[in-house]
Amino acid sequence: MACLLGHLADHSVFYQQFLQQVEDADPTGQIWIVTDNESSHNSLSTRTWLEDPPRIHHAVIPVGACWLNLQEGWWRIFRTAALAGRSFANPDDIAYATALATSQLNSRANPWIWGRPTPPTRRLRRRYAYRLRNPALDE
């Protein structure tokens, strides 16, 4: 099971409630949770809570390795495609926009490429040698 975590998990209690909802929604199998190193995700109370359900595995992205968190980039692209500049009258409109944006993004999905593209190679400029004439020497 995979899911995105929003601002509801800003505190340890809310984060633990979210984990409980995830566990209740998927009563069988292993659950892997990958999070950043925010204090609510790695607090003592959260680590203690995670000891009880042995099927929930918690992995924390190391400090200084935020580039490993593909969720942030994906969420920015998804928000732009599905939600930006739109207003919704009801939850069905949001569900429709989400499904449409997901299918459009999936139709043109490409693997992520890390780093910058290599810069284009520069062509060597032609070098011209100019010979100056000295009229005094031409005689």
Report yes or no: do Ser40 and Ser12 form a side-chain donor-acceptor pair below 3.5 Å? no

Heavy-atom pair of closest approach, residues [X] and [Y]:
X	Y	value
Ala101	Phe78	CB-CE1, 4.1 Å
Thr35	His58	OG1-NE2, 3.4 Å
Leu19	Ile56	O-CD1, 4.2 Å

Supply the atom-to-atom distance [X] [atom1] to [Y] [atom2], rounded to the nearest 0.5 angstrom.
X	Y	atom1	atom2	value
Gln17	Gln21	CD	CD	7.5 Å
Leu50	Ile33	CG	CD1	8.5 Å
Leu83	Thr98	CG	OG1	6.0 Å
Asp52	Gln20	CG	CD	8.5 Å
Tyr15	Trp49	OH	CH2	9.0 Å

Hydrophobic clustering (ILVMFWY, side-chain heavy atoms < 4.5 Å, transitive) - are Val60 and Trp32 grouped together? no

If the plane angle is over 60° it's perpendicular, under 30° parallel, otherwise tilted; pick one for His11 and Phe14. tilted

Pairwise side-chain contact, Leu44 with Arg47, heavy-atom cut-off 4.5 Å (strictly under): yes

Between the side chain of Thr46 and the main-chain N/O of Asn42, is any donor-acceptor distance below 3.5 Å? no

N/O donor-acceptor pair under 3.5 Å between Arg55 side chain and Glu23 backbone: yes

Do other residues, nucleotides or ligands put more than 12 heavy atoms under 6.0 Å from Phe88 CZ? yes

